[in-house]
Number of protein chains: 2
Amino acid sequence: MDNKNSISKIKEAIERSNEVLDALADLYKVFADATRVKILVALTQSEMCVGDISEFLDITQSAVSHQLRVLKTGGLVKSRRDGKTIVYSLADAHVRTMIDCGMQHITE
Amino acid sequence: MDNKNSISKIKEAIERSNEVLDALADLYKVFADATRVKILVALTQSEMCVGDISEFLDITQSAVSHQLRVLKTGGLVKSRRDGKTIVYSLADAHVRTMIDCGMQHITE
DNA sequence: ATAACATATGAACATTTATTCATATTTTCA
DNA sequence: TGAAAATATGAATAAATGTTCATATGTTAT
């Protein structure tokens with residue numbers, strides 16, 4: 001049957017791009033937490049140090065630090081040292097695009 | 001200080017859109033699993049019944065059914081009955097856009 | 001050098017999540 | 001009607017995840 005055939009073609013396509021799709025899921029995972037989303041949206045407005053984020057999200061400095069590590073490992077933020085503090089900012093324009101894309105789905 | 005001031009402005013903005021940002025994180029959560037991503041990408045190509053998906057992803061029918069429920073609750077897929085089988089398809093164009101957006105980040 | 005400050009890290013704990021197994025539900029067809 | 005087929009559901013289990021607490025690391029200024 002033709003349907004059977006096209007299904008198996010799709011199966012092959014999915015299997016071929018298996019690693020990419022795993023990576024895609026991993027990317028979404030980084031966005032899939034309210035704390036991290038809020039950090040990212042905040043960084044959309046301005047670069048910020050850990051203390052600032054901790055204060056305005058009302059969560060422990062430690063929790064922020066842990067989440068920033070997830071974001072950095074995921075390639076969504078970068079950091080630079082400025083004296084005693086460490087300043088975080090969005091890694092690139094893609095991050096903004098991803099957020100906008102999700103926002104559009106929400107506020108359709 | 002001006003920086004202090006702008007931080008508190010961002011804090012207020014984040015607090016105002018608190019529910020939206022929670023919803024945004026929840027939306028990403030639905031995408032944040034390899035099985036679900038593969039189901040979605042497959043449905044990008046063609047509508048499909050549970051058995052087909054189960055077969056070509058090599059996972060239990062039950063697992064597929066559970067994940068389809070997550071996708072449906074999240075508003076990403078819809079279903080219709082066709083005889084004994086139930087056919088699933090993408091809920092709307094936004095889903096495709098979200099996937100493309102993530103893909104672009106991966107394969108930059 | 002040392003005290004004070006900012007951030008990072010590791011272990012522990014509670015919560016969430018994905019899968020499997022067994023079974024229920026719904027529809028078709030003989 | 002009753003058996004077979006397709007899907008859904010609930011309980012159980014294992015794995016992953018987010019936060020907190022305590023502490024380590026690294027930087028500045030005295």
Side-chain angles (χ1 to χ4, degrees), chain A residues 1 3-4 7 18 21-40 42-43 47-74 76-89, chain B residues 1 3-4 7 18 21-43 46-74 76-89:
Chain A
M1 212 170 202
N3 182 39
K4 201 81 180 176
I7 293 286
N18 192 53
L21 297 180
D22 285 348
L24 186 56
D26 285 341
L27 174 63
Y28 288 126
K29 269 180 203 158
V30 186
F31 286 93
D33 175 82
T35 300
R36 288 195 293 271
V37 163
K38 283 164 195 171
I39 292 175
L40 289 174
L43 294 182
E47 58 176 21
M48 253 177 241
C49 68
V50 180
D52 285 340
I53 299 172
S54 168
E55 187 196 334
F56 87 71
L57 282 187
D58 263 317
I59 56 179
T60 320
Q61 170 271 319
S62 178
V64 174
S65 198
H66 279 299
Q67 296 297 16
L68 283 170
R69 190 159 57 83
V70 174
L71 289 170
K72 195 170 184 184
T73 304
L76 302 191
V77 306
K78 61 187 177 192
S79 65
R80 68 164 211 278
R81 180 173 278 280
D82 176 29
K84 277 189 270 194
T85 78
I86 293 185
V87 182
Y88 281 85
S89 55
Chain B
M1 212 170 203
N3 182 39
K4 202 81 180 176
I7 293 286
N18 193 52
L21 297 179
D22 285 349
L24 187 56
D26 284 341
L27 174 63
Y28 288 126
K29 269 180 203 158
V30 186
F31 287 92
D33 175 83
T35 300
R36 287 196 294 270
V37 164
K38 283 164 194 170
I39 291 175
L40 289 174
V41 170
L43 294 181
S46 160
E47 58 175 20
M48 252 178 243
C49 68
V50 181
D52 286 341
I53 300 172
S54 167
E55 188 196 334
F56 87 71
L57 283 186
D58 262 318
I59 57 179
T60 320
Q61 170 271 318
S62 179
V64 173
S65 197
H66 280 298
Q67 296 296 15
L68 283 170
R69 191 158 57 84
V70 174
L71 290 170
K72 196 170 183 183
T73 303
L76 301 191
V77 306
K78 61 187 177 194
S79 65
R80 69 164 212 279
R81 180 173 279 280
D82 177 27
K84 276 188 271 193
T85 78
I86 293 186
V87 182
Y88 281 84
S89 55

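Throughout, a chain's letter reflects where its sequence line sits, starting with A, and its residues are numbered from 1.
Between A:T85 and the phosphate of C:dA6, there is no side-chain N or O to OP1/OP2 separation shorter than 4.0 Å. An OP1 or OP2 oxygen of D:dA8 is reached within less than 4.0 angstrom by a side-chain nitrogen or oxygen of B:Y88. For A:R69 and C:dT7, the shortest distance from a side-chain N or O to OP1 or OP2 is not below 4.0 Å. When the side-chain nitrogen and oxygen atoms of A:T35 are compared with OP1 and OP2 of D:dT19, one or more of them lie within a distance under 4.0 Å. Put simply, B:R36 has a side-chain N or O that comes within less than 4.0 Å of OP1 or OP2 on C:dA18. Contact check, A:S62 against D:dT20: no side-chain N or O comes under 4.0 Å of OP1 or OP2. OP1 and OP2 of C:dA6 both lie 4.0 Å or more from every side-chain N or O belonging to A:Q61.
Computed from coordinates, the B:F31 CZ to C:dT17 P distance equals 16 Å when rounded to whole Å. Nucleotide C:dT26 holds its P atom 18 Å from the CG atom of B:D82, rounded to whole Å. Rounding to whole angstrom units, CD of residue B:Q67 and C1' of C:dT16 are separated by 13 Å. For the pair B:I86 CD1 and C:dT27 C1', the computed distance is 10 Å after rounding to whole Å. Taking atom CZ of B:R80 as the reference point, atom C1' of C:dT26 lies 17 Å away to the nearest angstrom. When rounded to the nearest whole Å, the span between CG of B:D33 and P of C:dT17 equals 11 Å. The separation between B:I59 atom CD1 and C:dT20 atom P is 7 Å, rounded to whole Å. Between A:I53 atom CD1 and C:dT7 atom P the separation is 9 Å, expressed in whole Å.
When the nucleotides D:dT27, D:dT7, D:dA11 are ranked by their closest atom to the side chain of B:H66, D:dA11 comes out on top. Of the candidate nucleotides C:dA6, D:dA22, C:dC21, C:dA6 has the atom lying nearest to any side-chain atom of A:K84. When each of D:dT19, C:dT7, C:dT26 is scored by its nearest atom to the side-chain atoms of B:R81, the top-ranked nucleotide is C:dT26.
Note on ring orientation: taking the six-membered ring where Trp is involved, the planes of B:Y28 and A:F31 are tilted (angle from 30° to 60°).
Closest-nucleotide positions on DNA chain D for A:A63 and B:S79 were compared, and the one nearer the 5' end corresponds to B:S79.
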N/O donor-acceptor pairs under 3.5 Å from side chains in residues 56-67 of chain B, not counting sequence neighbours:
from  : atom 1 : to    : atom 2 : distance (Å)
B:Q67 : OE1    : B:R36 : NH1    : 2.8

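Atom NZ of residue A:K38 and atom CD1 of residue A:I53 lie 13.5 Å apart, to the nearest 0.5 angstrom.
Using a 4.0 Å cut-off between charged side-chain N and carboxylate O, B:K29 and A:D33 make no salt bridge.
In this structure, the side chain of A:R81 engages the main chain of A:G83 through a donor-acceptor pair within 3.5 Å.
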